[in-house]
Protein chains: 4
Amino acid sequence: MATTLSKPAQPPRSRDADKSQRSILAAALEEFAQSGFAGARVDRIAEQAGVNKRLIYYYFGNKDDLFLAVLERTYADIRAAEQALHLDAMDPVEAVRQLVSFTWRYYLEHPEFITLLNSENLHQAVHLKQSARIQEMNSPLVQLLADVLERGRQQGLFRDGVDPIQLYISIASICYFYLSNNATLSAIFGRDLKAPKALAQRLSHMTEMVLGYVLR
Amino acid sequence: MATTLSKPAQPPRSRDADKSQRSILAAALEEFAQSGFAGARVDRIAEQAGVNKRLIYYYFGNKDDLFLAVLERTYADIRAAEQALHLDAMDPVEAVRQLVSFTWRYYLEHPEFITLLNSENLHQAVHLKQSARIQEMNSPLVQLLADVLERGRQQGLFRDGVDPIQLYISIASICYFYLSNNATLSAIFGRDLKAPKALAQRLSHMTEMVLGYVLR
Amino acid sequence: MATTLSKPAQPPRSRDADKSQRSILAAALEEFAQSGFAGARVDRIAEQAGVNKRLIYYYFGNKDDLFLAVLERTYADIRAAEQALHLDAMDPVEAVRQLVSFTWRYYLEHPEFITLLNSENLHQAVHLKQSARIQEMNSPLVQLLADVLERGRQQGLFRDGVDPIQLYISIASICYFYLSNNATLSAIFGRDLKAPKALAQRLSHMTEMVLGYVLR
Amino acid sequence: MATTLSKPAQPPRSRDADKSQRSILAAALEEFAQSGFAGARVDRIAEQAGVNKRLIYYYFGNKDDLFLAVLERTYADIRAAEQALHLDAMDPVEAVRQLVSFTWRYYLEHPEFITLLNSENLHQAVHLKQSARIQEMNSPLVQLLADVLERGRQQGLFRDGVDPIQLYISIASICYFYLSNNATLSAIFGRDLKAPKALAQRLSHMTEMVLGYVLR
DNA sequence: TATGAATGAGTGTTCATTCAT
DNA sequence: GATGAATGAACACTCATTCAT
């Protein structure tokens, strides 16, 4: 844990420890994403990580704490990705367009994020509520979206009185729900809503809908 | 044991059988809604239903089949509620407004619907895919919404090219996500998104958003 | 559980259940007596009882409750044995003599009683404290001894001011300690304190000591 | 790390080694006394001692050997305390009185002695039997008590034929049992047998009993 | 002398399910 | 139509101990 400044190149004993922890975390992410918290098996995580099961408890305490670690890591990842979006550098219309497509793409490329959140919400966020780093999970996009909306309004492009938090949640909603509930929706509509064409149509609709709403 | 005075001809056993089945189904709905499929316990269902555990298997085969039965029943319930909406009798703007508020209210008053769907989607709709009555689950609202959109377009009120399926899904999305992910959202935003005032603001935003999109 | 008075001879379904419970209890007594609470293994109890391990939990809840059941049964046994002693029918000297020898013999013939109590005291009586039947465990001998002491005093045989509770505990002490600590005492003294001759000498000493104290 | 100013010639490492060993022994005593052998946790001992767990094995071999070391140390302590008693310098009656009260006080002030012995006897003295220093554990008090009894007899105060070993064991019994079985006794009698007043009454009774026995 | 990393063999407990009546 | 008894397979978690440095 303690690192010495004098020997930065030489990886001391903790090298393998780091590797083990990362292996466990990666395996846990996969397992929890696939089966949810209740369905996940600690044995499978250990096997997948290539470590002794006992080591999981050595490093992470128990299944719940491991799940929280995975969850925090997942949130950290999406927040990092959001940093790369520079909505402030775009004109308002483009910014909204980019926000929708970024959200959509991120969920599409990170199905584990959706499964993890689904499972966590099924259990009333018991893990997340105990997180000490919960503040860091608040998205910076809410504030950036507020700025975009204000700029659009001042330029006479956007309507008045749009609540950035509500809009942020709505954008997340239309992207998330389509993917999180894809299995039941596909079953009921009797067609594959994850086919490339269907996905493209969905993105097009969502962009139109959000812009249709905010534009005067 | 229980005898019915009104229908003496009917064998009393079948009445008890019906009662048992209904008790089981009701208890199962509550248990699955509360804990999801994986977290639900057959023992608790039996206890809550006041019947012997073996009876559950006698009537419903196994836990998976019981879950499917609950799911089908839940879909039947929402479809029945949708029948009571008469979008065809309203002018287009009012029809859209009613559709949003109905969807919102139904999800709000039937949290079990959301939990059940969340759990089912976590498991890739394995149960639903095996349902023989899957066609009946398709919402009649999609067709009704298509009619409303067409009427609005002909009256020059609504924009062109709105896909009714996409819009239907989007309306469901914005209502569903806010509630299904309420626990994590509340934790992260650090405030109670289920407070009465927050709920009213949400409905108002959603109605504005949908109308803002469809209106020319 | 419910027994019908009309068919006393016919053992209904609960016959096997009773047998299973008795098997479990007997095996648990042996295992707990041999290894104490912490060292006892539920697996071994199941195997010894010839039942599925799950059945132990079905009938007794968990290891702690099973231990308490064994403990309560053990106390019930010794109380039953005490009922057979009729100190009130003996003259005071003989009564004291009999009390000592009964206590000694009972402990000697029921080593499980000592092991069980040792283990329970090691854990600060956590199980016993939760017993609902704790009152029934109070020995009737305390009251009987009080009567004996009073009779002996009135006959001018016994000394004044002997507290029956203290004496009862002291009699238990000298019998119990010699047996409970036999292993360490034998090791330290370098001889077998459980040899027949040693046991006889011990009983003789204890009787002398108690009588030497109470007699004027 | 720690350097001693008084003995600079002595290699500092061995001082640390001593310190570590003493820390381990002290922590082990506490842990074994609190939980018995089976319930004690090597991890807790290491943590409490502030040393790495591996060091325990380095110095003491394994858990059993560590327990034996603690046990031997505990016996050494009580023997040392007994040395301070000078029964040979007292008149016989006072000597007996002092022996009882010393035994009582020592057990009262060293509850770990009782727990350790209880645990060891639960396991049939497996550790003690393997001790090489077992002879040193024999109490010098047995011989001293023999002398006291003989002196008392010669002065016409004490009765004839009192076996010093038996009496020594009996004195230990009445002191030990009351404390070792305090938890179950308190639970059954429904009152706190460790309350100061109860303790005083107990000592008084024990002294009376022993003197009542040995005095002519 | 000292330690962080790692592990095999359990440990109590749980679960959906079936047997026998 | 209904039930108490019984089970095999798995579950999260623990423990004393050893490895590698």
Side-chain angles (χ1 to χ4, degrees), chain A residues 1-2 12-21 38-46 51-64 66, chain B residues 1 11-21 38-46 51-59 61-64 66, chain C residues 1 12-21 38-46 51-59 61-64 66, chain D residues 1 11-21 38-46 51-59 61-64 66:
Chain A
M1 239 163 244
R13 309 172 202 188
S14 67
R15 246 320 42 168
D16 284 330
D18 281 5
K19 190 183 153 199
S20 293
Q21 290 188 47
R41 297 292 162 247
V42 177
D43 285 81
R44 281 202 293 258
I45 294 173
V51 305
N52 185 282
K53 186 171 42 161
R54 183 64 187 78
L55 207 57
I56 293 178
Y57 293 90
Y58 182 67
Y59 283 123
F60 294 93
N62 57 30
K63 194 185 177 185
D64 288 88
L66 177 58
Chain B
M1 241 167 245
R13 284 184 209 168
S14 80
R15 298 233 73 173
D16 276 20
D18 276 9
K19 190 183 154 200
S20 292
Q21 289 191 47
R41 296 292 164 249
V42 176
D43 286 80
R44 281 201 291 258
I45 294 172
V51 305
N52 185 278
K53 190 167 37 161
R54 187 65 187 80
L55 209 56
I56 293 177
Y57 291 90
Y58 183 74
Y59 282 125
N62 59 26
K63 193 185 179 185
D64 288 270
L66 177 58
Chain C
M1 236 163 245
R13 309 174 203 186
S14 65
R15 234 2 344 201
D16 285 329
D18 280 4
K19 190 183 153 198
S20 293
Q21 290 188 48
R41 296 293 162 248
V42 177
D43 286 83
R44 282 201 291 258
I45 294 173
V51 306
N52 185 282
K53 189 169 41 157
R54 183 62 187 81
L55 207 57
I56 293 177
Y57 292 89
Y58 182 66
Y59 283 122
N62 58 29
K63 194 185 179 185
D64 288 86
L66 178 58
Chain D
M1 239 166 249
R13 282 186 210 167
S14 80
R15 299 233 71 171
D16 277 18
D18 276 9
K19 190 183 154 200
S20 291
Q21 289 189 47
R41 297 292 163 249
V42 176
D43 286 80
R44 281 201 292 258
I45 294 173
V51 306
N52 185 279
K53 189 167 37 160
R54 187 66 187 79
L55 209 56
I56 294 177
Y57 290 90
Y58 183 75
Y59 283 125
N62 58 27
K63 193 187 179 184
D64 289 271
L66 177 58

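Chain letters run A, B, ... following the sequence lines, proteins first and then strands; every chain starts at 1.
E:dT17 atom C1' lies 10 Å from atom CG of B:Asp43, rounded to whole Å. In this entry the distance linking OH of B:Tyr57 with P of F:dA5 reads 18 Å, nearest Å. Here the C1' atom of nucleotide F:dG1 and the CG atom of B:Asp18 are 12 Å apart, to the nearest Å.
When the nearest nucleotides of DNA chain F are assigned to B:Tyr58 and A:Lys53 by heavy-atom distance, the more 5′-ward of the two goes with B:Tyr58. Both A:Val51 and C:Gly61 sit near DNA chain E, but only A:Val51 has its closest nucleotide nearer the 5' end. Both B:Arg41 and C:Arg44 sit near DNA chain E, but only C:Arg44 has its closest nucleotide nearer the 5' end.
For DNA chain F, if you chain together Watson-Crick or G-U pairs that step i with j, i+1 with j-1 and so on, the runs of at least three with distances under 3.5 Å are E:2-21 with F:2-21.
For F:dG4, its base sits under 3.5 Å from the side chain of B:Asn52 at one donor and acceptor pair at least.
The side chain of A:Asn62 lies closest to F:dC13, out of F:dA12, E:dA16, F:dC13. Minimum atom distance to the side chain of A:Leu55 is reached by E:dA5, of the listed E:dA16, F:dA12, E:dA5. Checking E:dT7, E:dC19, F:dA2 against every side-chain atom of B:Arg54, the shortest atom distance belongs to E:dC19.
D:Ala40 comes within contact range of the sugar-phosphate backbone alone, with a heavy-atom separation under 4.0 Å but no base atom that close. Note on D:Tyr59: only backbone sugar-phosphate atoms sit closer than 4.0 angstrom, heavy atoms only; bases stay farther off.
Under the rule for a salt bridge (Lys or Arg N to Asp or Glu O under 4.0 Å), the partners of D:Asp43 that lie at least two apart in sequence or sit in another chain are D:Lys53.
Side-chain contact between B:Val42 and B:Leu66: absent, with no pair of heavy atoms (C-beta onward) separated by less than 4.5 Å.
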